J.: 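Below are the structure tokens for one structure; questions will follow.
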Amino acid sequence: MVATESNNQAPLGSTDIDSHNETFYPGPSRIHLAAFPPKERWDDWTELDSQAWPRRKERHYSLVPTTCFNCESACGLLAYIDKDTKQIQKFEGNPENPGSRGRNCAKGPATLNQVTDPDRILYPLKRAGKRGEGKWERVSWDEVLDTIAGRIRKAIVEDRRDEIMYHVGRPGEDGFTERILAAWGVDGHNSHTNICSSGAREGYQLWMGLDRPSPDHANAKVILLISAHLESGHYFNPHAQRIIDGKTSGAKLIVFDTRLSNTATHADHYISPYPGSEAAILLSIANYLIQNNLYNREFVRCWWNWEEYLEQRSEVGGQRSETDEEPRSGEMFIATRPDQVMFREQRNAEHFAARETNSSKVDGSINISRLRREDNPNFDEFERMLKELYAEYTFEFAATESGVEARVLEEVAKLVSTAGTRFSSHNWRSATSGISHGWSVARALFMLNSLLGAVATEGGVFPNAWNKFVPKPIYSPPHPKMWNEKTWPREFPLAMNEMSFLLPHFLKEGRGRLDTYFTRVYNPVWTNPDGFSWIEALTDEKLVGCHVALTPVWNETTYFADYILPMGLGPERHDLHSYETHDSQWLGFRQPVMRAARARDGEDITDTREVNPGEVWEENEFWMELTWRIDASGSLGIRQFVESKKNPGTRLSVDEYYGFIFENSVPGLPEKAAAENLTPLEFMRRYGSFEISRKIGAIYEETVPGAELEDVCEDRLGRVFTRASKPASSNVVPVPSPDGDAEGRRLVGVKVDGEIKRGFPTPSGKLEFFSRTLADWGWREYAIPTYIKSHVHPDNLEPDQTILISTFRLPIQIHTRSANAKWLNEIAHTNPLWLHPSHAQTLAVRTGDLVRVETEIGYFVVKAWVTEGIKPGIVACSHHMGRWKTHESGQKQLTATVRLDHEGDAWGMKRERGTGPYESTDADSLRIWWSDVGVHQNLTFPVHPDPISGMHCWHQAVRVRKAESTDSYGDVHVDTEKSRQVYRKWLRMTRPADQHSPDGNRRPYWMLRPLKPAREFYRLPNNK
Ligand code: SF4
């Protein structure tokens, strides 16, 4: 018997194990080995030491919760901290986390590899040679802080605030750093989102005012995924387990993916469409629902902005001849040379712009001009129009576009029609990030939900903000009084996020410079398209004065930094997060586990560097200290936002920062903590998460209470504005108000059948079938959901071109950060080109042969993998691999050593060595048996900014052929002059605010934007 009475463990053989008929060896934990350690025992959890076997040696652990930081799902982790060695032994799932429910993917437990990574950056480093030369010297945190604070202070004082930029990859937190930038008065937030998810976000925002879906997969009858959600999609593990829950309960799963993903193998209906045709298929399903009256008529009547659609038709209808011929928007002419490729819609942009005010064509491919307004528009009329508008989206049309049989599409449509309000769907990256106008795919997908009324229903899809919780912080600095054109240029007034991946082009064409540029968990040289243009910009000190890389690991961008500052991994830092994993609200707390463990033992830790390896810090404390030093005297009005309320005149601590939030801003938490005799902060340090509400439901349908209706006025569309302020109680989930009325009232709801409901945070308060925003800002032809031929539509490819899908993830790796996780690297370390056997036969290549993939600006050489798991004629290559370094220092496990050749605009990369065994503090590094680490394909991709969403359109029109005898594996060649030409070509497709803004603003104020500037700075310069 190994249990003792003191730790409350029952003796062997007398526990609930027997009653569960367990077959596992029970072990000292007294419970099923597959179950979780009960939280009552987290202070002293006992397990047998596997390495001592066959001896039965007990080890005692303190179990401390934190949050995984290997993707944005924010799954809970439990660190097992050995009470004797004071080391982290392993990470497992935290059963207290409502999102992940104790389950993790492989990347969660592999956090341990990252903590013990022998190559990790442990001390602040300063560049010792030229940028990119790979020479570093160790410096103190004090020197770093004083130098950077001095630069920033000078830029602020000299009103060069647009020269300060913070460029974040994976945020992993809810607004902390945005508030720091706001405290500085700087519109300097830059994100990775436009290379990630802006396409989907734009499509969802156009419909519901919020940019992410929160599907209730577990309760769905039919689940439709346009992504690989069971293996790698957004909110991957929390969603994946709920998809399986749904399937277990009988839900049918439909998966669209050109590539046979692991997710697709679980589908009841697997559709492999021609890339870019997804919206055509979705609209054919919509058409089936519409023509057969299989949609939720009452929901559409109440909650679509059909009246506004009819109203705008009355404004523009009847002004064109029914015989007017117009080109189909989205069509392209066939170019005979790469430099000739351009959109016909761009060629026609002037034509569209000129007729914008009198056109009745709102659909890129279906002429609706024949529809005429009746004098008294009503819902019957709208339904009749709806039938006409979508009549051309037949299964046959979709089959032609997608290459999927009409019979199969009809079968899927019939299945969708049976779902009723239990239809959950999701599209994140995939098509929406691959093609031009990818946002139209998410928009077409959510149209199915909107037709079925499967919005905020059990088994349906919720707007994300209703299923997440963002607590009010201790300080909320005002909106910056400036607008940064380097991130929000006027060419992209409707972009979802900052035009981050165009930064090198903006800098190089003279749109300004950067004094101090922070990259944080971000590796643009490797992750972004057009990496050589990034190197050109980052090595030019006239363009980038000082580059500070905040990162836990070496990456390709750190080599071009002036300072590399070691930041904590998931279990070494504080953050808050809450995500739309299902219909609920929860708050997760990431914390440095060693700090929490030592606090449990009674130690008073005030600086996370005391417990982290080397001098690894965390960002919360770093940003607060840096902010303090920028304005040490308080004369700039900045210091006040990082000053302790408890001890004025001293800097805020993380304990006070989070303690304030947990005590004052999280409903129910103080009471729950008090019941366990804990402070709210102690409670969160102990359990790592808190469930605020188990079920949210349909907020849009809530009747607005009388207390919120003060001096109300109603506009012609039924939107209701009030002078009452927002409810103070954060128990009430706020509906973000898109705009107020002219007299300063805020939007509080929308009148439906005589009752004031909360509605949706769109300009109309309803689901927007018709987007007045698109119509007013120069894109009238796309004002309703429509299919738009993409930049890789067959019409736009030359005969010898095909499509490269470059965006898919492997479930075991995550972009840049997992390259130091040895367990993951052993499983997945290369990225061959997926090639269908018929295609391979044409090229005369077999698996393992080298092929050359030519893009618009260069080529890369990769190995072929011949597989039937890809649509014939299309090729695919995972984007996780091809990590490299130019010097021996840095990350070794998953990086090749390469030589960069550079002459003028011509760049080349030549592989000198792959990876291999090496000596380090980890004996496993001598066991590395692989040398192949894949090929860096993104270097050869030019930028493709979608003219509306701003999303980089990742799919590439390529030529694939057998490699030449002089080619070697991993070769990359790029001409950056060509990349500039492609950039300029896509820029010409935009419809800039200064030509198309309907109101003199740079951007519609209602649209989401990180770190919104003060309202007056939305005005275009000549529209003060
Ligand atoms: S899905 Fe995996 S990588 Fe992402 S947070 Fe969860 S455990 Fe970590």
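Since this is a predicted model, take the numbers as computed values, not measurements. Both counts, for ligands and for their atoms, begin at 1 and track the order of listing.
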J.: To the nearest 0.1 Å, how far is atom 4 (Fe) of ligand 1 from its closest protein heavy atom, and which atom is that?
T.: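 The closest heavy atom on the protein side is C71 SG, 2.2 Å.
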J.: Could you tell me which atoms of ligand 1, counted from 1 in the order shown, lie closer than 4.0 angstrom to a heavy atom of F236?
T.: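 Near F236, meaning under 4.0 Å from one of its heavy atoms, ligand 1 has 1 (S).
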J.: Between the side chains of E72 and R212, is the shortest nitrogen-to-carboxylate-oxygen separation below 4.0 Å, so that they form an ion pair?
T.: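 No, no charged N to carboxylate O under 4.0 Å.
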J.: Any N/O/S atom, backbone or side chain, of C68 lying under 2.8 Å from atom 8 (Fe) of ligand 1?
T.: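 Yes.
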J.: K107 heavy atoms, cut-off 4.0 Å: which ligand 1 atoms fall inside?
T.: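 Answer for ligand 1: 3 (S).
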J.: At what distance is the nearest protein heavy atom to atom 1 (S) of ligand 1, and which residue and atom is it?
T.: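 The closest heavy atom on the protein side is N237 CB, 3.4 Å.
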J.: Can you tell me if Q585 uses its side chain to pair, donor with acceptor, with the backbone of R694 under 3.5 Å?
T.: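 Not a single qualifying donor-acceptor pair exists.
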J.: For G108, take its heavy atoms, then give the atoms of ligand 1 lying under 4.0 Å from any of them.
T.: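 Near G108, the atoms of ligand 1 are 7 (S).
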J.: Find all atoms of ligand 1 within a distance of less than 4.0 Å from any non-hydrogen atom belonging to A74, and give their numbers and elements.
T.: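 It comes down to these atoms of ligand 1: 5 (S).
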J.: Any side-chain donor-acceptor pair under 3.5 Å between D174 and Y579?
T.: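 No pair is found: no donor N or O on one side chain lies under 3.5 Å from an acceptor on the other.
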J.: Quick one: do R242 and D245 make a salt bridge, cutoff under 4.0 Å?
T.: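 Not counted as a salt bridge, because no side-chain N and carboxylate O are separated by less than 4.0 Å.
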J.: If the threshold is 4.0 Å, N to carboxylate O, is there a salt bridge linking R595 and E621?
T.: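 Yes, R595 and E621 are salt-bridged.
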J.: Is the distance between the ring centroids of W929 and H829 under 6.0 Å?
T.: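 Here the rings of W929 and H829 have centres that are less than 6.0 Å from each other.
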J.: Name the closest protein heavy atom to atom 6 (Fe) of ligand 1, giving the residue it belongs to and the distance to 0.1 Å.
T.: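 Minimum-distance protein heavy atom for atom 6 (Fe) of ligand 1 reads C75 SG, 2.3 Å.
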J.: Less than 4.0 Å is my threshold; does some heavy atom of S100 fall inside it relative to ligand 1?
T.: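 The answer is no: ligand 1 sits nowhere under 4.0 Å from a heavy atom of S100.
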J.: For atom 2 (Fe) of ligand 1, what's the nearest protein heavy-atom neighbour? Residue, atom name and distance, please.
T.: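 In this structure, atom 2 (Fe) of ligand 1 has C105 SG, 2.3 Å as its nearest protein heavy atom.
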J.: Please determine if D82 and K90 form a salt bridge, counting it only when a charged side-chain N lies under 4.0 Å from a carboxylate O.
T.: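 No salt bridge links D82 with K90.
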